[in-house]
Amino acid sequence: MARPGHKYIFVLGGVMSGVGKGIASSSMGLLLQARGYKVNLVKVDPYLNVDAGTMNPTEHGEVFVLKSGLETDQDMGNYERFLNRDLGPEDYMTSGMVYQTVIARERALEYGGATIEAIPHVRDEILRRIEAAANEAESQISVIEIGGTVGDFQNALFIEAARLLRLQFPDDVAFVMVSYLPVPGTLGEMKTKPTQSAVRELNSYGVQPDFIVARSTHAMDEKRKEKLAIACSVRPDRIISAPDVESIYDVPLNFERDSISDLLLDKLRLPKDTPASLDDWRTFVQKMKADRPKVKIGIVGKYFDTGDYVLSDAYLSIIEALKFSGAEIGVKPEIIWLNAKEYERGAAIEGLSEYDGILVPGGFGESGIEGKLKAIQYARENKIPYFGICYGMQLMVVEYARNVLGLADAHTTEINPDTANPIVAIMDAQKKHMAEKNYGGTMRLGTYVEMVKPGTIAHEAYGSDSVEERHRHRYEINPAYVQQMEEAGMVFSGTSPDGVLMEIAELPREAHPFMLGTQAHPELQARPLDPHPLFTKFLEASLIRAQER
Ligand code: GLN
């Protein structure tokens, strides 16, 4: 089934979820790429959603949109950031996608009347997709992360597919288990037993791991390595200690200290002639560690409260984008989460004066809207650098219409469909989908070209007349109001090539040090080795305010 000589590394989770399979996969991908191999990374999400688009960000974290427009898991963002390249829609699969294909083929009588079963039909569709991703990327090595934890019902078929591949091509397939080793406070000792059980569980699927990545709060000592090696039949040098680190970007360098790329290449019988070229990555990591002046950035959002916990996962790419631009220009963004709903419950908006920059990220629906509008008004009136992303751009325009143009009821029709001043509205093409309740796929998704107006802040940032950015939204700035807004001082510095859609709004420098919103999601294209210029400009303006304060 596989192309001859193609190599596969399957990454599986043991003990519990959330221990860093995604970062381990990204790091292995980066290291093998740094050794001169063409690598593709595949994420398998075992849930039945056909894509991540319909999932609540407070539950599942950010929806990461690929260039193609596919809505995926946030791990895909880490993959792109580590590999420093765009991934394709083939590089992502969910159980929902796999079943949808199989069922559609069954309905179309493509199986010629056979009984359709999990084995072989679903398994083979999984293998077909893995193969298609490798072919599309023309890669030599595929790193495939299977979501969830070994022992979950949902991922069993994916593991079964991987087992079959190994059976057919024993020298071309490696298994890496990323497991968690607790150090219970009462004992103060690292315990290997849960990982031993997880490996045994994996063995019951007929799979023996070749590597164990030992995630823990602490580094693993030799004694425990020996113990785990014997208990799990894994060579001790193939047990990679992976203690918590300050920054995920340290992980590849730490892995390499344990020679993981050599070990993987040995296991896969691939030549090790080219040493890893990691200079750029090292330089980036050093910049991240350097002492830098702080800028205080308030992110006014709403997807953080889950029970008693505050989760910033919904805004992951924004956080990373700020870090990359910060490293580039030598400032350290200190991010503070401000819940927009608090400003509606009466929290003093003047508190924002303590910030060097305010960012309103993307979002959907009504909750927190008036709070965000208050924050935007405060940033505008008090000349605090402001960066609006998607909803944050739409609301920046609504705020301007209300408080500068004097259109008191100006709104987005997402919230007030009956407003007399629909500043942000749905475009006709999308209306049809919505009327049919066809929500999956009703958004403008993926990469679009935009034209950037010379002489604007956006143009200064991009240094180009045309750029590509990724989108995820239903609503647009209503073209009927553009002239009026411009006469009142707002500049639409980015538009679609036909000039109909407003992609970037800004205030001129004379009016405000930095007030800019973009309809796109620039955070999705920010990379450690290629920071995004709009984030960089925002931080530069924030640094000036920090120095003045
Ligand atoms: N809710 C807005 C829209 O659908 C903005 C979406 C977003 O911020 N991603 O257009």
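One-based numbering, in listed order, for ligands and for the atoms of each.
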Pair Glu476 + Arg444: basic N to acidic O under 4.0 Å = yes
Nearest neighbour in protein (non-hydrogen) for atom 4 (O) of ligand 1 = Arg474 N, 3.0 Å
Heteroatom distance test (Gly365, ligand 1): nitrogen or oxygen, under 3.5 angstrom = no
Do Glu320 and Lys323 meet the salt-bridge criterion of a basic N to acidic O distance under 4.0 Å?
-> yes
Can you find an N/O atom of Gln519 closer than 3.5 Å to an N/O atom of ligand 1?
-> no
Which of these, Pro361, Gly362, Gly363, has its nearest heavy atom closest to atom 6 (C) of ligand 1?
-> Gly363
contact_flag Glu476 ligand 1 heavy-atom lt 4.0 Å | no
Answer yes or no for Gln394: is there a heavy-atom contact with ligand 1 below 4.0 Å?
-> yes
Lys/Arg-Asp/Glu bridge criterion (N-O < 4.0 Å) met for Arg81, Asp530 = no
Give a yes or no on whether Glu381 atom CD has more than 12 heavy-atom contacts from other residues, nucleotides or ligands under 6.0 Å away.
-> yes
What part of His521 sits under 4.0 Å from ligand 1 if we count only heavy atoms: the side chain, the backbone, both or neither?
-> side chain
Interfacing atoms of ligand 1 (cut-off 4.0 Å, heavy-atom, His473) | 3 (C), 4 (O), 6 (C), 10 (O)
Ranked by distance from atom 10 (O) of ligand 1, the top protein heavy atom is Tyr475 N, 2.8 Å
Atom 9 (N) of ligand 1 sits nearest the protein heavy atom Arg472 O, 2.9 Å
Short N/O distance, under 3.5 Å, between Glu414 and ligand 1?
-> yes
Salt-bridge criterion met for Lys38 and Glu138 (N-O under 4.0 Å) | no
Does any donor atom in the side chain of Asn78 or Ser26 lie under 3.5 Å from an acceptor atom in the other side chain?
-> no
Does atom NZ of Lys296 have more than 12 heavy-atom neighbours, drawn from other residues, nucleotides or ligands, at distances under 6.0 Å?
-> yes
Should the pair Glu540-Lys537 be classified as a salt bridge under the 4.0 Å nitrogen-to-oxygen rule?
-> yes
